[in-house]
Amino acid sequence: MDRRVFLRILGLTPLFGHWLVKELAAAGQSVLAVAEGTDYGRITRQAINALGGMGRFVKPGQTVVVKPNMGWDRNAEQGANTHPLVVKAVVEECLKAGAKKVKVFDRTCNDERRCYINSGIEPALKGMKNVEVKHIEDERFRKVSIVNGVTLKEWELYDEALNADVFINVPVAKHHGLTKLTLGLKNVMGVMGGNRGSIHKKIDGALADINSVMKSHLVVIDATRVLTAHGPQGGDLRDVKVLNKVIAGTDIVAADAYATTLFGLKPADIAVTVAAYKRGLGEMDLKKIRIVKA
């Protein structure tokens with residue numbers, strides 16, 4: 001089906017669009033929803049709804065982990081962390097779907113108390129019932145065997161992420177000095193224990209191994225404003241480009257592949273994406289990915 005015809009059909013009725021997206025997903029087709037606008041909460045909901053709504057992923061009574069990037073002592077405008085309004089919208093949709101508990105955490109690089117507060121994420125979620133914004137507890141990491149691991153055979157992962165009924169990966173799209181970009185696949189480093197720096201020499205294979213174990217049920221990429229240089233920490237607003245976009249999908253490789261194009265790059269330019277694709281973790285060929293305008 002021609003992509004333009006496909007998008008016109010989706011525009012006819014939300015119900016038909018949701019049905020068609022589900023049918024494509026059931027058939028193994030990678031589908032991404034892209035929403036654009038200046039109301040970040042609204043476009044986040046639009047992207048999720050275009051995939052069939054949060055109820056497709058979260059069932060009543062389930063425990064959900066929402067994993068943003070809040071690893072840096074930076075404010076929302078600086079583009080180093082996931083925008084708090086995107087995170088809040090994801091959490092609210094989980095609660096509406098009936099989640100019993102939503103846990104939000106990240107293993108930060110800067111001081112965790114400052115990161116949680118200055119990112120704006122902890123304040124945005126303050127007072128929300130059945131929501132825990134948790135600091136990482138080192139004793140809760142446990143060694144996990146990586147079946148068919150190429151670079152890693154085992155690693156310590158955070159048990160609350162492993163034990164959640166639903167794991168939702170909510171990265172910010174930004175430049176990274178080592179991997180060129182950091183997106184969904186790399187955001188999973190926030191649930192890794194141990195000496196994460198030791199994987200840098202073979203980071204592409206290591207992250208493919210980790211993501212083969214730590215599966216993201218839903219990926220919501222914050223591209224509302226992207227850090228184009230001096231990542232991952234940034235700090236200079238001159239390096240930030242406002243795009244006002246949110247990308248959502250169930251295929252983490254496809255989501256990363258599409259987000260790469262926002263930086264004028266190709267999926268093949270990002271070694272982490274290529275390694276995950278070769279491991280069979282998702283699709284990186286943009287011609288085989290359905291892009292739905294939400």
Side-chain angles (χ1 to χ4, degrees), residues 24-32 51 57 65 67 69 106-107 141-159 161-164 166-221 232 247-263 265-291:
L24 288 169
Q29 174 79 66
S30 294
V31 181
L32 298 176
L51 297 176
F57 309 101
V65 163
K67 165 58 180 76
N69 187 329
D106 190 15
R107 185 183 175 196
F141 286 102
R142 62 181 177 87
K143 282 188 177 180
V144 176
S145 296
I146 302 174
V147 178
N148 299 321
V150 176
T151 302
L152 304 176
K153 299 302 179 183
E154 65 176 18
W155 199 269
E156 291 184 357
L157 298 176
Y158 204 58
D159 68 349
L162 290 167
N163 294 333
V166 184
F167 180 75
I168 302 179
N169 189 343
V170 193
V172 62
K174 60 178 177 175
H175 169 263
H176 193 280
L178 176 63
T179 58
K180 294 186 180 178
L181 296 178
T182 171
L183 301 161
L185 289 160
K186 193 171 184 303
N187 194 45
V188 175
M189 284 188 74
V191 299
M192 292 176 64
N195 179 12
R196 296 180 297 183
S198 67
I199 72 169
H200 283 174
K201 290 183 179 180
K202 296 181 178 180
I203 194 169
D204 50 338
L207 287 177
D209 287 337
I210 293 298
N211 278 274
S212 72
V213 175
M214 192 65 250
K215 301 285 189 179
S216 299
H217 298 97
L218 173 63
V219 181
V220 180
I221 297 182
I247 304 153
T250 58
D251 182 336
I252 192 171
V253 179
D256 279 15
Y258 177 80
T260 298
T261 67
L262 302 179
F263 295 83
L265 298 171
K266 298 177 181 179
D269 296 330
I270 309 302
V272 174
T273 304
V274 175
Y277 169 72
K278 289 181 177 179
R279 284 292 302 275
L281 301 183
E283 182 58 69
M284 64 175 276
D285 186 345
L286 295 173
K287 294 179 181 178
K288 297 179 180 179
I289 301 169
R290 289 289 186 186
I291 310 298

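Predicted model only: the values in this text are computed from it and were never measured.
Closest non-hydrogen pair, F167 versus K215, comes out as CD2-O, 3.6 Å. In this structure, I146 and S212 approach most closely via the heavy-atom pair CG2-OG, 3.9 Å. Of all the heavy atoms in V191 and A161, the pair that sits closest is CG1-CB, 3.9 Å. Minimum interatomic distance between V219 and P171 (heavy atoms only, all atoms of both residues): CG1-CD, 4.4 Å. Shown here for A206 and I199, the closest heavy-atom pair between the two residues is CB-CB, 3.8 Å. Contact between F141 and Y158 at its shortest, heavy atoms only, is CD2-N, 3.5 Å.
Residue-environment remark: NZ (K153) exceeds the threshold of 12 foreign heavy atoms within 6.0 Å.
Listed for the K174 side chain is a donor-acceptor partner under 3.5 Å among the backbone atoms of P232. Remark: side-chain polar atoms of R107 are not paired, donor with acceptor, to backbone N or O of M189 under 3.5 angstrom. The backbone N or O of L181 lies less than 3.5 Å from a partner atom in the side chain of T179, making a donor-acceptor pair.
Side-chain contact between I289 and D251 is absent, with no heavy-atom pair separated by less than 4.5 Å. Contact annotation: the side chain of V166 never approaches that of L218 to less than 4.5 Å [non-hydrogen atoms, C-beta and beyond]. In this structure the side chain of V144 never reaches within 4.5 angstrom of the side chain of M214, judged on heavy atoms. Between R142 and L162, the closest side-chain pair of non-hydrogen atoms falls below 4.5 Å.
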* Should W155 and I210 be marked as a side-chain contact (heavy atoms from CB on, under 4.5 Å) after you check the CA-CA gap, both sets of side-chain angles, and the distance that decides it? -> CA-CA 8 Å; W155 199 269; I210 293 298; 3.8 Å; yes
* Asked: Does the side-chain contact (heavy atoms from CB on, under 4.5 Å) test come out yes or no for L207 and V188, once each step is laid out?
  -> CA-CA 8 Å; L207 287 177; V188 175; 5.9 Å; no
Please list every donor-acceptor pair under 3.5 Å in which a side-chain atom of residues 271-287 meets a protein atom from a residue at least two apart or in another chain.
unit_1 : atom_1 : unit_2 : atom_2 : d
R279   : NH1    : D209   : OD1    : 2.2
E283   : OE2    : D285   : N      : 2.8
D285   : OD1    : K287   : N      : 3.0

Please set out all donor-acceptor pairs under 3.5 angstrom arising from side-chain atoms of residues 252-259, sequence neighbours excluded.
unit_1 : atom_1 : unit_2 : atom_2 : d
D256   : OD1    : G184   : N      : 2.8
D256   : OD2    : G184   : N      : 3.4
D256   : OD2    : L185   : N      : 3.0

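Of the inter-residue distances, the one linking L183 atom CG with L262 atom CG reads 9.0 Å to the nearest 0.5 angstrom. Atom CZ of R290 and atom NZ of K288 lie 13.0 Å apart (nearest 0.5 Å). To the nearest 0.5 Å, atoms OG1 (T261) and NZ (K266) are separated by 12.0 Å. Distance OG1/T151 to CG/D204: 7.0 Å, rounded to 0.5 Å.
Judged as a side chain to side chain donor-acceptor pair (under 3.5 Å), the pairs with a partner in residues 183-198 (not counting sequence neighbours) are, in order, K67-N187, N169-N187, H176-K186.
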